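Step one of this worksheet: look at the structure below.
Just follow the structure's listing: the first ligand is 1, and inside any ligand the first atom is 1. Owing to the predicted nature of the structure, the values given are computational and were not obtained by experimental measurement. These numbers come from the heavy atoms of this one structure, side chains and all, not from hydrogens, waters or symmetry mates. Sequential numbering from 1 along the given sequence is applied to the chain's residues.
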Amino acid sequence: MFITFEGIEGCGKSTQARLLSERMQKEGYSVLFTHEPGDSPIGKHLRKILLSEPMDSLTELLLFLADRREHLVHLIQPALSQHTVVICDRYIYSTLAYQVYGRGIKKYLVDTIHQEILDNTFPDRVYLLDLDVSQALQRKKHHAFDRIEKESYEFHQRVREGFLELAKDNPSARILDATLPPLTIHNLIWEDIQTLFLHRRQI
Ligand SMILES: Nc1ncnc2c1ncn2[C@@H]1O[C@H](COP(=O)(O)OP(=O)(O)OP(=O)(O)O)[C@@H](O)[C@H]1O
Ligand SMILES: [Mg+2]
């Protein structure tokens, strides 16, 4: 089972991914809680470059995709093959929302590279935490902003709309109102996860 969390900066992805991982572990599941970019040996270096150095949009896309490939091959695929539940903070949607909707890169380019590098590893469930851009950035105001968080309001707005557009057309996506309290969101996710697992067992 492969579950991903998506959404703009500060919408609550890490909070919900952590709550779900802890809940599943408590229920006895073996869980890998991971994130992009950065959760692989090479990814750690890529993350540092991606979040600090100014760069061309296509270079940025290729570095994010290199990080994804490393992450997939070294962490996600081995875990899935051991029947470990993988909970990943950001995945495919983030690239499409930020690089295609945010930066204006052609979608076919991202889709084509994804086709080659993902080995058909798509999430069983995508949770999109949807939140107003100002509210999201407000939540992060006590932290130093990284290179991407420093982008304009309009950029983040395009990214938010991109996420919503992507989720609308995908039956495995669930859009959640990220203004709700963290535990309320977690309980909605938990209810959904139970139906998902029940459904899988019946197949
Ligand atoms: N539902 C919520 N309501 C109010 N505040 C929240 C909620 N969920 C998370 N927060 C708070 O908002 C801030 C950002 O949350 P979190 O780090 O989970 O977001 P994120 O989507 O992972 O952000 P980033 O994209 O920067 O990693 C944290 O201070 C967190 O405690
Ligand atoms: Mg986070």
Candidate pair Tyr98 and Phe64, rule ring pair (Phe, Tyr, Trp, His ring centres under 6.0 Å), full reasoning:
CA-CA 11 Å; Tyr98 284 80; Phe64 271 118; 7.7 Å; no
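In this structure, the side chain of Glu161 does not engage the main chain of Arg158 through any donor-acceptor pair within 3.5 Å.
Between the side chains of Asp119 and Thr121, no donor-acceptor pair of N or O atoms lies under 3.5 Å.
Within a 6.0 Å sphere centred on NZ of Lys140, heavy atoms belonging to other residues, nucleotides or ligands number more than 12. Enclosure of atom NZ in Lys44 by more than 12 non-hydrogen atoms of other residues, nucleotides or ligands within 6.0 angstrom is indicated. At most 12 non-hydrogen atoms from other residues, nucleotides or ligands lie less than 6.0 angstrom from CD1 of Ile42.
At a cut-off of 2.8 Å, measuring from the Mg ion (ligand 2), the protein N, O or S atoms that fall short of it are Ser14 OG, waters left aside.
One finds a salt bridge joining Glu9 and Arg90 here, because a Lys/Arg side-chain nitrogen approaches an Asp/Glu carboxylate oxygen to under 4.0 Å. Between Arg103 and Glu151 there is a salt bridge, with a side-chain nitrogen of the basic residue lying less than 4.0 Å from a carboxylate oxygen of the acidic one.
In this structure, the side chains of Leu61 and Leu109 come closer than 4.5 Å at one or more pairs of heavy atoms.
Residues lining ligand 1 at a heavy-atom distance below 4.0 Å are given as Ile8, Glu9, Gly10, Cys11, Gly12, Lys13, Ser14, Thr15, Arg90, Arg139, Lys140, Glu149, Ala178, Leu180, Pro181, Pro182, Ile185, ordered by chain and residue number.
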